[in-house]
Amino acid sequence: MMVFGLAMLLLAAAVAAWFGPGAPLGAVIFAIHPPFLNTLQAGVQRRLSPDLWNDAFLPLLEAPGWLVPLLLGTLFVLLGWRRRGHG
Amino acid sequence: MHFHRRRGWEIPEREATPRHLVLNRRALMAAAGAGAMLSAEAQAQWLFGGRSGSPSDPWARNPGDLPDLPEAMRNPRYQPGRAVSPERDAITFNNFYEFGSNKDIWPTALRMPVRPWTIRVDGMVEAPGEFGVDDLIRRIGLEERVYRLRCVEAWAMTVPWTGFQLSKLLDIVKPLGSAKYVRLETAQVPPHMTGLRQTWYPWPHIEGCTIEEAANELTFMPVGLYGRPLPPQNGGPFRVVFPWKYGFKSGKSLSRITLTDQRPKSFWETLQGNEYGFWANVNPDVPHPRWSQATERLIGTNERVPTRIFNGYGEFVADLYTNLQRERLWA
């Protein structure tokens with residue numbers, strides 16, 4: 001858990017350095033694999049709900065690309081820290 | 001050549017649509033009409049008040065008070081060979097990525113203002129210009145054509161478009177001999193086009209064709225559908241239709257046409273070039289990477305029928321491709 005958390009923190013730093021601190025998560029994903037978001041959007045909007053994409057996925061994708069790995073990394077590092085008996 | 005002069009009160013699809021579908025449509029329209037009367041205040045609010053709710057009537061007028069289309073004669077040269085799809089299906093089951101990936105984007109699209117609307121025609125032409133849609137309608141005149149529409153997703157419709165041949169617009173701007181391709185650019189209208197929030201995509205939406213395809217008699221520029229102004233969800237106020245190609249090639253809500261000697265890279269080529277190529281001619285024998293194209297589902301009846309090469313328009317367009325066998329013509 002701790003290793004995964006640290007890896008995510010490293011990923012956050014790498015994303016900020018490579019794509020720039022202001023690059024949205026969507027732009028990062030699109031640069032890595034262009035068809036992915038289109039397929040995901042079609043799946044969410046056609047099979048689940050159009051609003052789910054607009055109100056939940058889009059705000060996440062519009063956030064800076066480093067934010068999600070930073071939050072996940074911090075969460076997992078903290079959980080790992082507590083598991084080792086430090087918390 | 002014989003033209004049937006359609007009178008103002010006639011509904012074009014009555015001539016081809018089975019009676020039970022017509023009656024269904026009447027019932028739906030009656031219900032919609034009643035709904036409109038009951039909720040006129042609510043509709044006025046969403047049309048002009050900018051509230052975030054959804055319109056309930058797909059026949060609602062667009063913001064900007066669209067003028068009625070002048071009378072247009074149906075061109076009998078293009079026989080669809082099957083029943084016209086119910087109008088309600090055609091205007092409520094749409095692909096228009098700028099408004100979303102789902103089919104029911106019409107409530108969002110209907111809010112897009114469509115007047116004033118101009119289209120710039122530039123690039124390798126003698127007489128570039130910016131034209132108002134209504135000016136073009138008056139200058140070129142309109143006709144109605146019933147075309148089969150084949151989506152790459154293996155569904156199909158048959159719809160009566162009102163518009164004019166792209167070649168008539170090209171006659172006005174006079175392409176230079178060096179022009180080889182036509183680049184078709186969709187307007188960007190934030191905030192109505194919610195898809196534009198996805199800034200990582202290569203907006204504006206670009207489509208393209210060769211100058212020979214643009215000059216082909218089938219290439220049509222609709223400004224109307226079922227005798228009414230073309231609604232935004234169907235690409236209004238002004239779009240292109242290549243009936244022998246998969247539907248995604250037919251750019252919607254166009255704001256610019258550029259003649260060029262460089263082959264345009266289309267929006268979908270950039271996103272998923274292995275699935276959505278430049279040519280995208282309909283062929284039942286060449287499957288999409290994820291599904292078969294051998295048959296198509298008719299919207300309205302759900303009947304599944306065999307797909308035809310060039311969507312059945314081979315007699316008009318097959319010659320365009322005789323020297324292009326090395327190209328990926330079918331995807």
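Computed from heavy atoms alone, side chains included, the values below leave out hydrogens, waters and symmetry copies. Within every chain, numbering begins at 1; the chains are lettered A, B, ... in the order of the sequence lines, protein sequences first and strands thereafter.
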- request: For residues Thr39(A) and Gln272(B), determine if any side-chain heavy atom of one lies less than 4.5 Å from a side-chain heavy atom of the other.
  value: yes
message: For a 4.5 angstrom cut-off between non-hydrogen side-chain atoms, does Pro202(B) reach Phe30(A)?
response: yes
message: Once rounded to the nearest 0.5 Å, what's the spacing between atom CD of Gln198(B) and atom CZ of Phe57(A)?
response: 12.0 Å
Top of Gln41(A), Arg47(A), Glu62(A) for chain B proximity - count of heavy-atom pairs under 4.5 angstrom: Gln41(A)
- prompt: Is any side-chain heavy atom of Pro59(A) less than 4.5 Å from a side-chain heavy atom of Arg197(B)?
  reply: yes
query: By a 4.5 Å heavy-atom criterion (distance strictly below it), what part of Leu37(A) contacts chain B: side chain, backbone, both, or neither?
result: both
- prompt: Taking Arg46(A) for the side chain and Lys103(B) for the main chain, is one N or O donor matched with an acceptor at less than 3.5 Å?
  reply: no
query: Is there a side-chain contact between Thr270(B) and Pro34(A), using heavy atoms and a 4.5 Å cut-off?
result: no
- request: Give, as side chain, backbone, both or neither, the part of Pro24(A) having an atom under 4.5 angstrom from any heavy atom of chain B.
  value: side chain
query: If we ignore angles and hydrogens, is there a donor and acceptor under 3.5 Å between the side chains of Asn38(A) and Tyr97(B)?
result: yes
query: In terms of heavy-atom pairs under 4.5 Å with chain B, which of Gly43(A), Ala31(A), Ala27(A) leads?
result: Ala27(A)
message: If I take atom CH2 from residue Trp53(A) and atom CG from residue Asn102(B), how far apart are they, to the nearest 0.5 angstrom?
response: 11.5 Å
statement: Scanning both residues in full, the closest heavy-atom pair of Pro50(A) with Asp104(B) reads CG-OD1, 4.4 Å
